[in-house]
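Working notes, structure below.
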Amino acid sequence: MQEMEPFENAANFLEDVGMFEAAVHAPPTSLPLIEIKKVLSVLDGSNQDVAVRFLGRAFSEKLNASLEEHEGLTTPAAIEDASLKTQAGLVVLPVPFGADIGELREESLGEIVDRVLPARTCPIMAVRQPLGDESLNAALRHVLVTLVPGEPGNALALAWACQLLKSGGELILLEIADREVLSEAKLLLDRVNITEATAIATLERVLSRQFASLVGVVQRTAAESGFDARVASISGRFVEQVLKEIGDQPTLVIHAGSKDRRSTNYHRSADLILGSRGPVLII
Amino acid sequence: MMVFAEAAIESSVVLDKPVLPMLMLGTVMTLTYVSIAFDWLNKSLAAMLGAIICVAVALSLGVFKDEKGHSAYDRAVHDIIGHDIGVIGVIIGTSVLVEIAGRSGLFHFIAIKIVKWTKGEPRLLLTAMAAATVVFVTFLTIAPGTLIMVSLALVVTKELELNPKPYVLVIAICANSGALVTFASGICTLMLGTAGNLAYVDFFRVTTPLAILTAAIALLAIRRIYRADLVSPTSVEERIRKVKEFDEWALVKNRKLFYRCAMILGATIIGFGSARSLGLGLDFIAFAGATLALLVSGIYPDEAIKKVNWSLILFFVGLFVIIGCVQETGLLDWQAKQMLALSGGNLLVTVLLIGVFVLLLSGVMDNIPVAATLIPIVRAMEAQGIPGAPLWWTLVATSNLGGNSTPIGSVSSVIALSALEKERGIKIGWGEFLRVGGIILAIQGVLTLIYLSLFLELGLFP
């Protein structure tokens with residue numbers, strides 16, 4: 001029997017199978033409701049305060065929450081206390097924070113954020129650069145959610161994105177292959193002639209299956225709410241790939257990160273904040 | 001009953017050109033076809049090699065003569081390729097467009113919706129897959145349409161614990177019926193439609209009903225042969241629950257692209273239908289659709305362009321050059337006269353002869369070279385004053401359906417069986433395929449020939 005021509009059909013076949021597998025392996029799921037009472041904006045007196053204020057206000061409006069702005073919180077403990085006392089559902093703060101500015105600004109988050117991040121009791125919005133209103137508005141309409149296989153916070157990250165985009169915009173679901181996904185893809189690759197095209201298609205097939213339920217619920221929500229949603233699958237260095245996907249477009253990045261300093265996902269959050277020029281929301 | 005010019009019959013045994021070039025180039029063409037049929041060489045490579053040998057032999061034997069401002073080489077290569085550039089243009093344009101439309105998820109989305117509609121009932125699922133295959137091939141051409149449907153069949157039957165064989169076979173065979181629906185639904189259809197100058201809209205009158213008829217035959221035969229496998233192993237409630245959980249939205253990668261592609265594909269089909277009245281070629285419409293799809297899809301153009309089946313394009317270029325060279329020797333004209341002599345001057349007999357010949361030959365070798373070789377023969381018959389339309393429509397119908405008898409007879413069978421083996425490790429051997437495809441082709445063949453005869457006798461050919 002003639003072989004399926006690998007350059008022509010094999011990659012498309014894998015992609016087709018992956019798409020259908022996603023559809024049949026998508027157990028019904030729903031996104032959690034995002035209901036927060038308060039947004040806490042922490043100001044440090046730097047030129048980032050304008051952006052922190054803007055984002056705090058925008059989030060409180062989009063989430064129907066009240067806004068509280070605090071100045072003079074100079075230690076991680078003070079920020080944590082304020083967050084607990086106000087029962088904040090979101091903390092917006094500049095990175096690096098206040099006293100840390102000037103010291104290894106490009107290489108380190110600074111001591112304050114580095115301690116706030118693992119101790120957080122609610123999502124943290126890291127404001128990286130003093131962007132103008134126009135760029136921040138654009139970022140709120142162009143949201144990228146990173147999807148890492150096996151991360152339980154993915155659904156929550158997507159729920160935040162869908163809530164923010166209710167008035168329109170574009171959501172990018174960036175599926176990122178980790179070691180587990182790559183090994184599953186490797187197993188599947190043994191069954192086909194390996195070419196660059198089939199390798200990519202196999203990876204996409206595995207990722208499609210991993211995130212099928214979430215993609216389904218997001219696409220349905222997007223169709224109902226009127227925003228655009230597209231899925232992209234990648235493998236490679238996490239931060240590098242996220243930044244490549246964003247390009248120069250002002251974008252809000254949402255990542256379901258871990259609080260455990262020893263985990264890879266904690267370091268993904270930290271590296272993402274460090275590498276990003278735009279705002280990063282760590283769930 | 002129409003009768004041909006007797007002169008054509010009488011002159012059938014007279015060779016009015018040198019025999020040596022006919023013999024040599026005819027041998028190269030035959031060897032090329034045999035090497036393709038028996039898979040001795042990759043088909044594109046075989047065609048290119050055959051073309052190079054043909055050009056070299058034709059030039060050395062003086063088959064092509066210099067004309068005013070036109071070298072023999074120009075006539076042997078550039079004129080031949082230039083003559084068929086329209087077909088190549090349509091293939092390239094539609095490949096890009098179909099690649100983008102196919103990848104948008106639109107057809108996958110519809111496919112899952114159809115499966116959900118059947119609630120996974122095995123026989124209804126088989127019927128729905130046969131119908132969807134015809135529709136998808138109509139819009140996407142054979143290879144992409146078959147790929148999508150076979151992938152669906154493999155995934156869904158695994159999930160519902162059904163035997164995939166009847167589903168894969170119904171797709172492989174109904175895809176060839178789908179290729180009959182419009183001018184641009186299949187490569188053979190496209191080649192023959194261009195060569196015979198057949199109008200896009202006439203396909204709806206002549207071959208679309210035949211496509212529905214032959215697909216229905218395939219479906220009924222497979223339902224009968226595999227009736228024992230078309231039973232769900234799980235309870236009705238369990239099956240319905242499983243299918244209800246399928247989520248068509250989970251496969252949608254880009255909803256915006258999805259809607260845009262649907263619009264561009266629709267506009268291109270309307271363009272194909274009205275091209276002739278607008279004074280445009282189908283290649284122009286195909287390129288316009290492809291360019292628009294590239295512009296609005298946001299897909300990196302190189303990604304889509306590299307998915308064009310360049311192997312097929314090279315195969316075509318080689319094939320056209322071989323046939324052009326052989327035609328110049330006068331061999332194909334002589335064969336046309338032989339065929340007329342054999343039919344005794346009766347158009348109906350000629351239609352039946354060509355029909356049976358193509359139905360049988362397309363089963364054992366790629367139907368594209370079969371159709372490509374018969375094009376100059378039918379043209380030669382037309383040049384003798386014989387009405388061409390019945391012959392062109394006969395070629396369209398039989399070259400597409402002929403591949404149903406064997407596992408290598410059509411691109412849809414090759415894709416479907418290869419996918420079944422790769423993904424599920426299930427092999428459908430020659431014996432099993434011949435048993436199923438052979439029965440189906442026998443019924444389809446007889447009905448097709450009756451259908452074409454009725455069209456001829458009742459004067460229904462446009």
Side-chain angles (χ1 to χ4, degrees), chain A residues 1-29 170-173 175 188 191-193 196-198 200-201 204-205 207-209 211-224 226-233, chain B residues 39 42-43 99 102-103 105 107-109 111-112 115 143-144 146-156 158-160 242-257 298 306-312 407-408 411 413-415 417-419 421-423 425 427-430:
Chain A
M1 192 189 354
Q2 290 176 34
E3 276 291 293
M4 189 188 292
E5 296 164 49
F7 54 90
E8 176 204 347
N9 289 325
N12 284 354
F13 171 66
L14 288 170
E15 200 182 326
D16 289 336
V17 170
M19 289 168 88
F20 288 125
E21 280 178 343
V24 304
H25 295 144
T29 189
E170 187 185 29
L171 170 61
I172 304 164
L173 287 79
E175 301 172 340
L188 280 170
R191 287 156 51 181
V192 294
N193 296 323
E196 192 189 344
T198 50
I200 294 166
E204 285 181 359
R205 176 178 167 181
L207 285 168
S208 299
R209 211 164 42 195
F211 299 111
S213 292
L214 291 177
V215 170
V217 74
V218 167
Q219 289 289 12
R220 197 171 283 110
T221 309
E224 285 161 7
F227 64 86
D228 293 321
R230 72 175 168 89
V231 183
S233 310
Chain B
D39 215 12
N42 167 283
K43 69 178 180 183
E99 168 61 26
R103 301 300 101 203
F107 289 88
H108 302 74
F109 184 90
I112 290 289
V115 171
T146 306
L147 264 181
I148 291 178
M149 286 309 299
V150 167
S151 311
L152 173 77
L154 293 176
V155 173
V156 169
K158 190 177 179 184
E159 195 61 20
L160 299 178
K242 270 187 183 173
V243 174
K244 211 174 169 185
E245 282 189 4
F246 292 177
D247 186 355
E248 61 277 15
W249 284 103
L251 58 77
V252 177
K253 300 249 175 194
N254 190 339
R255 202 164 45 87
K256 200 159 60 177
L257 175 63
K306 77 178 175 193
K307 290 279 182 77
V308 171
N309 191 344
W310 294 109
S311 170
L312 183 69
I408 57 156
V411 69
S413 303
V414 172
I415 289 174
L417 301 195
S418 170
E421 195 176 343
K422 272 183 204 304
E423 190 63 22
K427 193 168 180 166
I428 296 180
W430 271 77

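So that the names make sense, note that chain A is the first sequence line, chain B the second, and so on, each numbered from 1.
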* Between A/Ala232 and chain B, which part of the residue has a heavy atom less than 4.5 Å away: side chain, backbone, both or neither? -> neither

* Top of A/Pro27, A/Ala222, A/Gly18 for chain B proximity - count of heavy-atom pairs under 4.5 angstrom -> A/Ala222

* Mind ranking A/Ala23, A/Ala26, A/Ala212 by heavy-atom pairs under 4.5 Å with chain B and telling me who comes out on top? => A/Ala23

* **Heavy-atom side-chain contact between B/Glu159 and B/Val156 under 4.5 Å** => no

* Note, B/Leu152 side chain near B/Val115 side chain (heavy atom, < 4.5 Å) -> yes

* **Residues that A/Ser233 engages under side-chain contact (heavy atoms from CB on, under 4.5 Å), provided they are two or more places apart** => A/Glu175, A/Glu204, A/Leu207, B/Lys253

* Asked: Where on B/Glu245 is there a heavy atom nearer than 4.5 Å to chain A: the side chain, the backbone, both, or neither?
  -> both

* Asked: Side-chain contact, heavy-atom cut-off 4.5 Å: A/Phe13 with B/Leu154?
  -> yes

* Residue selection (most heavy-atom pairs with chain B, distance under 4.5 Å) from A/Ser208, A/Pro28, A/Ala223, A/Ser213 -> A/Ala223

* To do: Decide yes or no for B/Lys256 and A/Arg230: does some side-chain heavy atom of the first lie under 4.5 Å from some side-chain heavy atom of the second?
  => no

* Proximal component of A/Ala229, with respect to chain B [non-hydrogen, under 4.5 Å] -> backbone

